[in-house]
Amino acid sequence: MTTNALTSKSSTSGRAGDKIFSGAALAAGVLILITLFAVAVFLLIQALPTFFADPAEISGGQGFFAYIWPIVIGTVIAAAIALAVATPIGLGVALFISHFAPRKVAGPLGYLIDLLAAIPSVIYGAWGYMVLAPALVPGFEWLSKNLGFIPLFEGPASQTGKTMLTAGIVLAVMVLPIITSLSREIFLQTPKLHEEAALALGATRWEMITTAVIPFARPGIISAVMLGLGRALGETMAVALVLSTGNLIPSLIKTGNQTIAAEIALNFPEAFGLRLSELIAAGLVLFLITLIVNMIARGIIARHKEFSGAN
Amino acid sequence: MRKRNSLAKGKLPKWAIWAIAAGSIIIGAAISTLTGFSVAAFAIYSAIIFLIAASVITTVVEGKRRGKNAMWTYLIYAAFIVALIPLASVLYTVLQKGLPGINSHFLFSSMNGVTGAIDNQTVANGEPVIGGAYHAVIGTLLITLWATLISVPVGMLTAVYLVEYGQGKALSKAITFFVDVMTGIPSIVAGLFAAAFFGMILGPNARMGIVAAVALSVLMIPTVVRSTEEMLKIVPNELREASFALGVRRWRTILKVVIPTAISGIASGVTLAIARVIGETAPILVTAGIASQINMNVFANWMSTLPTFIYYQILTPTSPTNIDPSVQRAWAAALLLILMVMALNLIARLVASIFAPKKGR
Amino acid sequence: MAKRIDVNDLNVYYSKFLAVEGVSINIEPKSVTAFIGPSGCGKSTFLRTLNRMHEVIPGGRVEGQVLLDGDDLYGAGVDPVTVRSQIGMVFQRPNPFPTMSIKDNVLAGVKLNGTKISRSDADDLVEKSLRGANLWNEVKDRLDKPGSGLSGGQQQRLCIARTIAVKPDVILMDEPCSALDPISTLAIEDLINELKNDFTVVIVTHNMQQAARVSDKTAFFNIAGTGKPGKLIEFNDTTAIFSNPEQKATEDYVSGRFG
Amino acid sequence: MAKRIDVNDLNVYYSKFLAVEGVSINIEPKSVTAFIGPSGCGKSTFLRTLNRMHEVIPGGRVEGQVLLDGDDLYGAGVDPVTVRSQIGMVFQRPNPFPTMSIKDNVLAGVKLNGTKISRSDADDLVEKSLRGANLWNEVKDRLDKPGSGLSGGQQQRLCIARTIAVKPDVILMDEPCSALDPISTLAIEDLINELKNDFTVVIVTHNMQQAARVSDKTAFFNIAGTGKPGKLIEFNDTTAIFSNPEQKATEDYVSGRFG
Amino acid sequence: SDNPTAASSESAAGSSAAGVTGTLTGIGASSQNSAMEAWSTGFKAANSGATVQYSPDGSGAGREAFLAGGAQFAGSDAYLKEDEAQKAKEVCGPDGAFNIPAYVSPIAIAFNLEGVDEINMDADTIAKVFKKEITKWNDEAIAKQNPDVDLPDTAITVVHRNDESGTTENFVEYLKAAAGDVWTYDVSGDWPSDIQSENAKGTSGVVSTTTSTNGAITYADHSAVGKLSTVNVKVGDEYTKISAEAAAKALDAATPVEGASENDLALDLKRDTTEAGTYPIVLVSYHIFCSSYKDQATVDLVKAFGNYVVSDEGQKAAQDSAGNAPISAAIAEKAAKAIDSITVAK
Ligand SMILES: Nc1ncnc2c1ncn2[C@@H]1O[C@H](COP(=O)(O)OP(=O)(O)OP(=O)(O)O)[C@@H](O)[C@H]1O
Ligand SMILES: Nc1ncnc2c1ncn2[C@@H]1O[C@H](COP(=O)(O)OP(=O)(O)OP(=O)(O)O)[C@@H](O)[C@H]1O
Ligand SMILES: [Mg+2]
Ligand SMILES: [Mg+2]
Ligand SMILES: O=P([O-])([O-])[O-]
């Protein structure tokens, strides 16, 4: 049998390079999984005493569930307001920059909006309670006077403006740049081919956007909103500073409600023993909420896979 | 005269939209005056009236489709203007409150030895504020640098795994999913985790810069992975194939062809990730402590960063009786932080433009 | 249906760059006109000015007149959207909307018109358009599948079906076969022959045999050098252009032994 | 330089899907072999098995033997990287590296692998390769400019220059002219004629005139229907295939009136 | 530069070669943060080789860290609870840890009411206001006690802390003790969740919210109330105006906690005292030290710092910075004795 000349020519050192590099890439991925697993284990261990404690010893005296569900709902409300405000505006801004603004203006404008992402949350908090909250008070009064029959706007309106709605708006401002910058990048990548196909069929600009741009960008938009949601759910300091907290109430313009992240931040410094474990259990619940929301988002993206723009 | 252009049938003349705008402003002013004038109400009423009037008139004259197009166009413009309001307000607030505090003393001095008594004295004598944010700037730079050094390689390698090696594998699906979940970790939890982790290794309450950097990495990595992944995905496969076909090894192809092609997107993704964590307060408090003097060593002793500096200056002013110096320091530090991120952004753009694929003839 | 196009002394710019200069041409209704010429001479650019797609490109603008049955496309107050719904376009690379089914792709242009269309009317229109594009038999069993699952040639015919579904007066095609294999090319050439019964067709092609096979008239464009504007050199009956061109440049080009 | 390729009973799979079945073919050194056939019959797939580019696609695998001067490409212990540096490839769409200058593009195969090369050697290699690709005169003044600034035809020749710079034994080309205009196509066809003095060339084309013009031997592939594997129907001297094919299917295909 | 004050302290410190060296870490209450900055600066001036770092994470966090061995001392607005004292024996040796009062500050009941600078209230009224049973400033109950003040018909906006806090705990402890009939809630650092009202984070938060809201009332460290007016609290038959002296009196009247060891100076304040001139709403913030430390260097450092804090000089420095009340001479003396008993662990 003759030897294969191709085998002898192969350099073993080169192959090693490939092995090392792919190994490193794999290791990095696994490291992330391990870290996340470690975070989960850490949360679980620290939270465990809460689940075995006498319900009377939990804050509120009625067990962990009674303690956590109002702030879970508060968290969801805050995040929902944030997304309800930031998603349409964020997508609007992204579309404005990608498809409406003159090219020369669009770049700097995008940069300006991205800047919002860089402002520390303490500053958002301070701005929220010093500037935004007082500015919203007349609006709240108007709402309670004219739409007070809706439980969401039931009066009397807060005199300081430090309400759930304000906190939600501050969160919206904080997630706006995340949604905007990601969806803008995706809108810009819409294949020219498809945009021109729509225009050539006689579509108006808006119709071109709905037929070519939005369907193409849908999975990306969902990811962008999820990233924004992540920040809205996990934001601590801004909510802690802006919200005048309290029990769960339907009205968004009165003092009340609380979010998990703010609950942790506000009480962590003075917490010890069981209280500390309770707060960490609250963190675990937040973690689970994120997990579920992400699973749902993945599901939505996967369902449309056959018709995705990715080919 | 020629016959009328049949293609131009039923189109609103250009001036019409300006007329509608003027009309809306007048009516808006009238209504808001009736209901007790305020600038906000005036703007809101005018905008709503304009939106409705312009859409309806366009619909009537040009048809439903053009009307819809007009409505959405104005809505998108409106979204943009609405987004600018908080941006302008936040920036104005920071500038107005922060600018008076920015001077060379503030930039280049720490808070070492600055006590409430000193603040009381400067206020009483009307002297300029003493004490600055230099130590916090150093802390911010060092901690962010270390966080970047940790998360960028890990994040980029993970993205490389996902895009280049892991396609379709269960592990890569798991990583993608959990990276998304990771974006939802509240920052305080990341801090507590890092503190507990190092506590296990180095003993209780081992607070120092590197612990904070690890905490920030937990927050940064998902953003780095996400953005790098997206950017690597849009590198055309033909470039990889071209490289393979030249007999170039995979790892060299990735390092020398794929990543350079995507570098501009990656750079802005990393910048976004840095911007995301550079303003974090809660995780730093439990991992790096707080210091008033300069500490250049992330492996020993406590450290302040600009956000923790701001946080404590606002929440526990140096002198409770005279909080103005502390408030001034806090806003000046906020302004400084924003400027730092802006500079970072510019640098990233520069890097990106140097490496970016060259276009044009 | 089927209108004539008259172009008077048209200059086409990309921002400051004059890409095409001084073109005047009269395109008859219910005919096929082919544009040929070397790469970069401005065939695509000029074609796109005929339905105002040129101005979609930032900086794109024109000087001169393009008349559709006597109405100036670039006249004051003319909405490009109106123009484009009367002058359809098929592109070099097939571009069905990836998120839509085959059926929705065909109906995409019609649905834009907002006119509610009954289910049966829609089905009729889909069948008619797909038949018109010679695609019906191949896809009738999978109208609800995504259009991106088709082969390149099928996708291109789907795009043609989508274009004829809106019943335009003119159809513009920019190298519609260059990405396709010979069999699909044949199918599309047959289709063009049928389309000219109802529409005015303008086609850009690199393939001179193709121009000779499908077109009634041929326009030869040329360019003097990079940075110079492209010009219309000769416009005549296809047979005349290929057998007996008036200009030396035309003769040189068509006698090249290219495929 | 220039080696022969012998393929014995090769099956090519995408995961479970058998795309090409039972191909045996002998490709002579210093000759041009053309692959023709309808879309989807597996020409590209088969071509890519000849330098193990097929396995870059997830799920891509083969059964059978491909011998390069008698050495099995798929033999145990053979590094695909070695194979690819001996068998170069040019793709349908020109794909110069966008981040690199013209010069770096030519040197990519050498430099990317980390081989140190002196400045003067590099300059020599660049000139030689660009001359070999008939591109030297057009770009010699702007070697430091990005490669993406060239015209399509120039880019494609740059890709050929890049391929010959690594001094392969065989060059594979997958429809290298389909994205190009007639003038660039001509330039590349001329180049192929020259390349065969030094290399073994295999080219996939849709353009039968092109196959007739440039190749010594032609292989006709066909496919029985979607989902069926592609097969090699006939392999013979080009003149024989076009003038006097043995198989009915070949005759039907080459007699089509396609461009 | 690391010397923003350009103080001559460097040279002064250079001469005091006798100083101790090392780094002392404390974690704890934010209330004493300003004082702590003064102490650590003053201490460093006298001992150039020594550093005291203090993180105002909160009393609970401070005690938690101290008991886990993560800090050498804790600052806390409350003394160690029973189980914590038990746990301290594991970290500090058999004698456990002890609480040293270091920082005393009266808690003001501060309000913002246009045209009114001073108001008198008794404990019941205060409790009812904060319970939102009294909702108008011109309520009969308030008007009765302030015949000379022209009270407007403004709504009362109660502002409380939304973070768990030592200030809240001390304030409600007073309400419970002095107005137990009205204030029926448990004493805790968390505001009773049954009372829905405006709130804010931190002392600076409640002060700023109150300052910007007409008709608002809150409770906060006296030094931090700024422009706000304060309530005179009825003690015995008189209304006591808040002051450092009145607060110091309350401290003197306090009794050692039952069962505390000799060196443990944990105090039970008499919130319901009737002695005129005493201001009973006082926050005492402790330094919690171990009775023994691992090595001599730490012992020296802890002793030096502890003694400095309770010394006249230390208390003066704190007062200048934080505007609080000094501890009395009697307590200072006991504190010094306790600190001197700290030893190296056997
Ligand atoms: N978007 C653009 N911006 C600026 N110049 C452009 C643009 N598109 C094309 N050009 C230039 O306009 C001229 C005409 O280009 P055009 O694409 O119309 O040529 P063509 O005849 O269609 O060529 P091909 O046969 O290669 O398609 C060329 O010089 C080209 O470089
Ligand atoms: N990446 C892939 N994964 C799965 N199947 C593939 C893939 N690429 C090609 N195929 C299938 O393999 C078969 C052969 O495709 P191939 O691209 O080799 O044909 P071709 O002869 O080159 O066609 P064309 O002339 O259109 O380039 C086709 O049925 C095709 O659908
Ligand atoms: Mg063209
Ligand atoms: Mg192919
Ligand atoms: O000192 P506090 O516990 O009230 O913040």
Side-chain angles (χ1 to χ4, degrees), chain B residues 104-122 129-135 138 195 199 202-207 285-296 300-304 308 311-324 326-327 330, chain E residues 1-7 9-10 23 25 27 29-42 44-45 51 53-58 61 64-71 91 105 163 201-205 207-208 220-226 316-324:
Chain B
S104 67
H105 175 79
F106 178 78
L107 293 180
F108 298 111
S109 315
S110 68
M111 285 292 286
N112 194 13
V114 178
T115 61
I118 289 173
D119 274 0
N120 291 341
Q121 207 175 5
T122 55
V129 171
I130 290 177
Y134 185 62
H135 62 301
I138 301 275
L202 302 174
N205 277 7
R207 293 184 183 195
L285 293 179
V286 292
T287 50
I290 177 93
S292 55
Q293 69 267 51
I294 300 162
N295 175 10
M296 298 272 192
N301 292 329
W302 293 3
M303 213 176 228
S304 277
T308 55
Y311 177 78
Y312 277 127
Q313 286 295 313
I314 287 183
L315 280 159
T316 58
T318 305
S319 163
T321 25
N322 287 300
I323 62 171
D324 290 348
S326 285
V327 170
Chain E
S1 97
D2 223 356
N3 185 17
T5 54
S9 57
E10 296 289 328
T23 298
T25 299
I27 296 177
S30 60
S31 52
Q32 42 171 301
N33 191 43
S34 178
M36 187 61 73
E37 280 166 1
W39 288 325
S40 92
T41 301
K44 200 171 172 197
T51 308
Q53 51 185 15
Y54 183 79
S55 185
D57 296 1
E64 181 98 357
F66 174 74
L67 292 177
V91 200
S105 178
D163 49 340
K201 177 168 168 56
T203 297
S204 62
V207 169
S208 99
D221 206 297
H222 182 214
S223 58
V225 298
K316 170 100 179 31
Q319 202 178 0
D320 287 348
S321 278
N324 63 324

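Residue numbers begin at 1 in each chain, while the letters A, B, ... track the order of the sequences. Note that this is a predicted model, so its numbers are computed, not measured. Atom set for the values below is all heavy atoms of this structure, side chains included, hydrogens, waters and symmetry mates excluded.
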B:T115 side chain vs E:A38 backbone, donor-acceptor pair below 3.5 Å: no
Please classify the contact between B:I294 and chain E as side chain, backbone, both or neither, with a heavy-atom cut-off of under 4.5 Å. both
Trace of the side-chain contact (heavy atoms from CB on, under 4.5 Å) decision for E:E37 with B:T318: CA-CA 8 Å; E:E37 280 166 1; B:T318 305; 3.2 Å; yes
Taking the side chain as every heavy atom from C-beta outward, state whether B:N112 and E:K44 have any pair of such atoms under 4.5 Å apart. yes
Is it the side chain or the backbone of B:H105 that comes within 4.5 Å of chain E heavy atoms, both, or neither? side chain
With a 4.5 angstrom heavy-atom cut-off, could you sort out which part of B:Y311 is near chain E: side chain, backbone, both or neither? side chain
Would you check, one step at a time, whether the test side-chain contact (heavy atoms from CB on, under 4.5 Å) holds for B:R207 with E:T25? CA-CA 10 Å; B:R207 293 184 183 195; E:T25 299; over 6 Å; no
Nearest atoms (heavy-atom pairs only) where B:A117 meets E:S321: N-OG, 2.8 Å
Any idea which heavy atoms bring B:S319 and E:S34 closest together, and the distance? CA-OG, 4.1 Å
Who wins among B:I130, B:T316, B:I314 for the most heavy-atom pairs under 4.5 Å with chain E? B:T316
Taking atom OH of B:Y134 as the centre, does the number of heavy atoms from other residues, nucleotides or ligands within less than 6.0 Å exceed 12? no
Is B:I290 close to E:P56 at the side-chain level, that is, under 4.5 Å between some pair of heavy atoms? yes
Interatomic distance, E:T51 atom OG1 to B:W302 atom CH2 [nearest 0.5 angstrom]: 11.5 Å
Of the listed B:T321, B:N322, B:I323, B:D119, the one with the largest count of heavy-atom pairs under 4.5 Å with chain E is B:T321
Kindly compute the distance separating OG (E:S204) from OH (B:Y312), expressed to the nearest 0.5 Å. 12.0 Å
Honestly, the part of E:N33 sitting under 4.5 Å from a heavy atom of chain B is side chain
Indicate yes or no for a side-chain donor-acceptor contact from B:N120 to the backbone of E:D320 under 3.5 Å, with no hydrogens or angles considered. yes
Taking ring-ring contact (aromatic ring centres under 6.0 Å, His included) as the test, write out the residues that go with E:H222, two or more places apart. none
Counting heavy-atom pairs under 4.5 Å to chain B, which of E:G202, E:A224, E:A317 comes out on top? E:A224
